[in-house]
Structures are given as C-alpha cells and as structure tokens.
Amino acid sequence: MSTAKKNYTRVTTHSLSEMKRNGEKISMLTAYDYTLAKIIDKGGIDVILVGDSASNVMAGHETTLPITLEQMIYHASSVVRAVERALVVVDMPFGSYQGNSKKALSSAIQIMKESGGHSIKLEGGEEIIESIKRILTAGIPVMGHLGLTPQSIYKFGTYTVRAKQEEEAQKLLTDAKLLEEAGCFALVLEKVPAKLAQKVAESINIPVIGIGAGNGVDGQVLVLHDMLGMTHEFNPRFLRRYLNLYDEISGAVRNYVADVKSIDFPNNNEQY
Ligand code: KIV
C-alpha cells in the first residue's frame with residue numbers, strides 16, 4: 001500500500017477522499033478550545049473534531065447527553081479561530097437532530113453560521129437518514145458515526161465493543177452503505193471488531209475513521225485529552241498515550257505551591 005503524503009495547504013472533504021484513494025491514512029483528534037486547537041493544527045493534524053465528548057472532558061458530565069447546541073457552538077467557534085489547515089468537524093449534540101429532520105437542518109445551519117465549522121457529524125444509521133439527507137440539501141458536509149454511539153448509551157447499557165454478533169454486524173454494514181449513498185463524506189466507526197471495520201472500509205468509497213476499530217480503516221481518531229494522558233482514569237485497550245500530562249501537571253502544581261509557600265517564587269528577576 002502507498003504511503004504517499006501530499007502537502008495539503010487546507011484540508012477539505014475532497015482531500016480526505018483523495019487520501020483514501022492514495023492509501024494515505026487520515027489523522028483526526030478532538031479539540032474544544034483555541035489554545036490546544038492551535039497546537040494540534042500546527043502539528044499537522046488533518047481533521048479536528050469538536051466532539052460532544054466535551055460534555056465529559058470539559059464539563060465533567062458522565063455522558064455526552066447534557067451538552068447543548070449553544071455549548072457546542074461556543075467550543076467550535078473557539079477551535080475555528082485557531083485553525084489554519086485542518087478540516088473542522090462539529091458534533092451535533094443529543095436532541096438537536098433525532099426524530100425531526102427539519103429541526104436537524106435548522107440545528108446544522110445554526111452550527112455552521114455561528115461557529116464557522118466546516119462540517120457536522122451525527123450518530124446513527126437508517127434511523128437518522130432523513131435528517132442526514134435534509135442537512136445535505138443545504139450543502140453542509142456530513143460525517144456519519146456508527147458502532148458505539150455514545151448518545152445512545154442508555155439503549156446499549158454499556159460502553160463495550162459493538163457489532164460482535166452477526167446480526168448487528170450486518171446492520172452496521174448496511175448502515176455504512178446507506179450513509180455513503182445518502183452523501184456523507186466520511187464515517188467514524190467506534191469500538192467494533194477490527195475485521196468488521198476493515199470490511200466496512202473496503203466495501204465503501206468514503207473514508208472510514210476508526211477509534212478502537214483496528215488499523216484496516218482509512219484513518220484514526222482519539223480524544224486529545226486521553227492521548228495526552230490528562231484523563232488517567234480512562235483506560236480502554238485502544239488508547240495509546242503519547243504523554244503523561246496528568247502526572248506532569250500535578251508535579252508542576254506541587255512545585256509551584258511549594259515555591260509560593262517558601263517565598264522562592266517570585267525571585268528578584270521575576271518582579272519589577
Ligand atoms: O465526541 C467525540 O469525541 C467522538 C469521538 C470519540 C469520535 O465522537
């Protein structure tokens with residue numbers, strides 16, 4: 001397989017399909033704020049997802065359900081102000097698109113208008129296909145999300161691997177094809193067996209970006225705070241930590257507290 005890497009000055013939905021065609025893997029991370037978005041954009045990330053995982057990571061909620069449209073727009077607009085190269089995808093929050101395609105379109109338009117994001121993502125297959133089609137009529141690029149879909153956590157009951165049984169695997173394949181036919185530009189596959197994920201990636205022409213879905217897909221996504229090791233209580237098998245910022249930051253804070261208490265900080269060079 002070719003590993004050719006083209007230098008995209010600005011990543012678009014078209015660049016992503018070109019990457020799939022060329023066999024170049026797509027890199028995607030979440031971001032929810034200006035400062036970290038700027039760092040990862042400069043670091044060369046292809047896609048930044050303003051995920052509704054902000055509900056967990058930024059706000060401390062147990063699930064992604066409580067985050068609102070306005071809160072997602074606040075996070076997304078902070079990210080958009082930082083980004084020069086990456087494609088910015090904004091998650092549509094729970095309750096902003098399910099069961100009502102007119103509401104879905106108006107929520108998607110509000111996200112695009114008020115955040116400046118480049119595309120939106122929503123969770124589900126056949127159940128939300130009408131919403132997806134309506135959003136696409138407005139020229140808004142849509143990314144799908146199948147497998148473990150955290151907005152349906154109370155239906156699943158657990159965060160374990162999805163589609164291990166034949167029936168669910170078959171529905172996932174059918175849903176992936178439906179999303180492609182409807183016009184989605186890419187698809188996130190979360191926590192499904194690697195073999196099934198590879199089969200999905202091989203059976204559709206749009207890029208499939210995996211999280212906990214093995215390396216037979218077209219790209220990978222992780223939650224930034226997890227891969228930086230800031231969230232140390234979350235330990236799924238698929239997570240590779242590139243830093244241990246939880247310990248680094250704790251150590252820095254302990255040193256700062258000690259320096260303040262001992263009047264070591266500020267010293268003569270650190271004052272006016
Ligand atoms: O909200 C999010 O962070 C996501 C990723 C896990 C794909 O949807």
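For ligands, and for the atoms within them, numbers begin at 1 and follow the listed sequence.
Not a single N or O atom of E190, backbone or side chain, sits closer than 3.5 Å to an N or O atom of ligand 1. The shortest N or O to N or O distance between E123 and ligand 1 is not under 3.5 Å.
Against a heavy-atom cut-off of under 4.0 Å, D91 is close to the following atoms of ligand 1: 1 (O), 2 (C), 8 (O). Contact atoms of ligand 1 toward T30: 3 (O) (distance under 4.0 Å to a heavy atom of the residue). In the vicinity of H145, heavy-atom distances shorter than 4.0 Å reach the ligand 1 atoms 8 (O). Of all the atoms in ligand 1, the ones that sit under 4.0 Å from a non-hydrogen atom of I211 are 6 (C). Close approach of ligand 1 to V223 (heavy-atom distance below 4.0 Å) involves ligand atoms 3 (O). For ligand 1, the atoms sitting less than 4.0 Å from at least one non-hydrogen atom of L49 are 2 (C), 4 (C), 5 (C), 7 (C), 8 (O), numbered in the order shown with element in parentheses.
Heavy-atom contacts from other residues, nucleotides or ligands closer than 6.0 Å to NZ of K199 number 12 or fewer. Sparse packing is recorded around OH of Y246, with 12 or fewer heavy atoms of other residues, nucleotides or ligands lying under 6.0 Å away. Remark: E127 CD is packed, more than 12 non-hydrogen atoms of other residues, nucleotides or ligands lying under 6.0 Å away. Heavy-atom contacts from other residues, nucleotides or ligands closer than 6.0 Å to CD of E248 number 12 or fewer.
Look at R162 and E190 and you find no salt bridge, because none of the NZ, NE, NH1 or NH2 atoms lies under 4.0 Å from a carboxylate O.
For atom 3 (O) of ligand 1, the closest non-hydrogen atom on the protein side is S53 OG, 2.5 Å. Atom 8 (O) of ligand 1 has as its closest protein heavy atom K121 NZ, 2.9 Å.
For Y32 and H225, the ring centers are positioned less than 6.0 Å apart.
Rounded to the nearest 0.5 Å, atoms CG (D46) and CG (L29) are 10.0 Å apart.
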